[in-house]
Amino acid sequence: MSIYPQAGGAAVLFARLVKFEHTIFALPFAYVGALLAVGGVPTAHDLLWVTVAMVGARSLAMALNRLIDAGIDAANPRTAGRELPSGALTIAAVVGFCAASLFVFLIAVWQLDPIVRWLWPIPVAAFVIYPYLKRFTWLCHLWLGAVDGLAPMGAWVAIRGDLPWQAWALGGAVATWVAGFDLFYSLFDVEIDREQGLHSWAVRWGENSVFAAARTLHVATIALLFVAGLGLSIGVWYWLGVIVVAALLAYEHALVGPGDLDRLDAAFFTTNGVISATFFAFVFFDVI
């Protein structure tokens, strides 16, 4: 029997494995970094290879997460049906997928600014480290934010070959945004995390503190977008985008509260997808 699924179902299984639909969280911000790096629309060559790099990197990160966490997922009723715990995919198949994703990522890296040929191990190391952090520290949410914050910074340096403070501010905005909504996401598994001895902000500090910490992080998101804008040659569309993001974050926080998690899915998935796509659209209109 083959260790790999039949070709007809493989694409669906691997797309589920890496939650392909969640690409909308990170990819638009990579494009934001690319647009702001050049103050316009980058070349088709650069946009193509930034996209390929993002798809390869994100696929690698998610597959590594699923691979490393397979045992934890199997013990959690919410995640026991995932591809590895359920047996829909084998460990060997996922390892092969990781290798293929890394290969795609490296092909893209070699098409972009030469400096990224030296920088690519940084995100790969961050991908490997992240799944282990929940075993040791409640700061895992901040690490995940920092990993996603590499998206706009990576696109920026891949096109321009430098990382000025404006790129760092933009990366920080994404990092605090992702860390904030990951705090919400951790509420899905508070009890099972306690049972398994896993670490999260909610387990360490309680459910109420999750909302306060997420608010603080999301205020920092808006502040960092504002700071980044001060150092960039941007116009009214960018500032309108920041205002809309602030409004959407406020709406997200209005959806859930201590003891009121019925709309947590909407807060996590729908609203954050809208935030990412909307801000990209405003930045695009600003630079064209």
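Ring orientation note: the planes of Phe211 and Phe184 are tilted relative to one another, at an angle of 30° to 60°. A tilted orientation is assigned to the rings of Phe285 and Trp237, their planes being inclined by 30° to 60°. In this pair, Trp201 and Trp138 present their aromatic rings perpendicular. The plane angle is above 60°, beyond the 30 to 60° band.
The two atoms that bring Ala167 and Met153 nearest to each other are O-CG, 3.3 Å, heavy atoms only. When all heavy atoms of Tyr238 and Asp286 are compared, the pair lying nearest together is N-OD1, 3.1 Å. Taking every heavy atom of both residues into account, Ile192 and Ala75 meet most closely at CD1-O, 3.6 Å. Shown here for Val109 and Trp120, the closest heavy-atom pair between the two residues is CG2-CB, 4.2 Å. Residues Pro85 and Ala70 come closest through the heavy atom pair CG-O, 3.9 Å. The heavy-atom pair separating Leu84 from Ile91 by the smallest distance is CD2-N, 3.7 Å.
The shortest side-chain heavy-atom distance between Thr278 and Val245 does not fall under the 4.5 Å cut-off. No side-chain heavy atom of His141 sits less than 4.5 Å from a side-chain heavy atom of Lys134. Side-chain atoms of His218 and Glu252, non-hydrogen and from C-beta on, do get closer than 4.5 Å to each other. Ser59 is listed as a side-chain neighbour of Val55, based on a closest heavy-atom distance under 4.5 Å. Contact annotation: the side chain of Val128 approaches that of Leu64 to within less than 4.5 Å [non-hydrogen atoms, C-beta and beyond]. Residues Trp168 and Leu163 form a side-chain contact, since some pair of their non-hydrogen atoms from C-beta on lies under 4.5 Å apart. A 4.5 Å side-chain heavy-atom check between Val124 and Phe105 finds at least one atom pair inside the cut-off. The shortest distance between side-chain heavy atoms of Phe14 and Val18 does not fall below 4.5 Å.
Ile72 and Val190 end up in different hydrophobic clusters when Ile, Leu, Val, Met, Phe, Trp and Tyr side chains are linked at under 4.5 Å. One hydrophobic cluster holds both Leu230 and Trp156 under the rule that ILVMFWY side chains link at heavy-atom gaps under 4.5 Å. Linking ILVMFWY residues whenever their side-chain heavy atoms come closer than 4.5 Å, directly or via other members, leaves Leu232 and Ile243 in distinct clusters. Under a hydrophobic clustering in which Ile, Leu, Val, Met, Phe, Trp and Tyr are joined whenever their side-chain heavy atoms come within less than 4.5 Å, directly or via other members, Val50 and Val287 fall into the same cluster. Under the 4.5 Å side-chain heavy-atom criterion for grouping Ile, Leu, Val, Met, Phe, Trp and Tyr, Trp165 is not connected to Val32 through any hydrophobic cluster.
Distance check: Leu47 CG to Leu35 CG gives 7.0 Å after rounding to the nearest 0.5 Å. Here the CG atom belonging to Asp189 is positioned 9.0 Å from the CG atom belonging to Leu198, to the nearest 0.5 angstrom. To the nearest 0.5 Å, atom CG of residue Leu144 and atom CG of residue Leu139 are 12.5 Å apart. The line from CG of Asn272 to CG of Asp182 is 10.5 Å long, rounded to the nearest 0.5 Å. In this structure, CD in Gln166 is found 9.0 Å from OG in Ser233, a value given to the nearest 0.5 Å. In this structure, Thr221 OG1 and Phe226 CZ are separated by 15.0 Å, a value rounded to the nearest 0.5 Å.
Between Asp113 and Arg160, no side-chain nitrogen of the basic residue sits less than 4.0 Å from a carboxylate oxygen of the acidic one, so the salt-bridge criterion is not met. The existence of a salt bridge linking Asp69 and Arg135 is confirmed by a sub-4.0 Å separation between a basic side-chain nitrogen and an acidic carboxylate oxygen.
Between the side chain of Thr137 and the backbone N or O of Leu133, no donor-acceptor pair lies under 3.5 Å. Between the side chain of Trp143 and the backbone N or O of Ala179, no donor-acceptor pair lies under 3.5 Å. Checking side-chain atoms of Ser276 against main-chain N and O of Gly273 turns up no donor-acceptor pair under 3.5 Å.
Dense packing is recorded around CH2 of Trp239, with more than 12 heavy atoms of other residues, nucleotides or ligands lying under 6.0 Å away. Within a 6.0 Å radius of CG in Leu48, more than 12 heavy atoms belonging to other residues, nucleotides or ligands are found. Surrounding CZ of Phe284 are at most 12 heavy atoms belonging to other residues, nucleotides or ligands under 6.0 Å away.
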Using the rule given for side-chain contact (heavy atoms from CB on, under 4.5 Å), can you reason through Phe280 versus Leu27, listing the C-alpha separation, both sets of side-chain angles and the distance that settles it, and then say yes or no?
CA-CA 9 Å; Phe280 162 72; Leu27 186 58; over 6 Å; no

Given the rule in the ring pair (Phe, Tyr, Trp, His ring centres under 6.0 Å) test, do Tyr185 and Phe188 qualify, once you have shown the distances and angles that lead to the verdict?
CA-CA 6 Å; Tyr185 188 66; Phe188 283 115; 5.4 Å; yes

Could you go through Leu224 and Leu170, starting from their C-alpha distance and side-chain angles, then the distance that decides it, and tell me whether this counts as side-chain contact (heavy atoms from CB on, under 4.5 Å)?
CA-CA 7 Å; Leu224 286 164; Leu170 187 61; over 6 Å; no

Step by step, work out the side-chain contact (heavy atoms from CB on, under 4.5 Å) result for Val283 and Leu36.
CA-CA 8 Å; Val283 170; Leu36 294 178; 3.8 Å; yes

Starting from the C-alpha separation in whole Å, work towards a yes-or-no answer on ring pair (Phe, Tyr, Trp, His ring centres under 6.0 Å) for Phe29 and Trp177.
CA-CA 11 Å; Phe29 271 104; Trp177 169 58; 5.1 Å; yes

Evaluate Leu142 against Leu217 for side-chain contact (heavy atoms from CB on, under 4.5 Å), listing each step before the verdict.
CA-CA 10 Å; Leu142 300 182; Leu217 285 165; 4.2 Å; yes

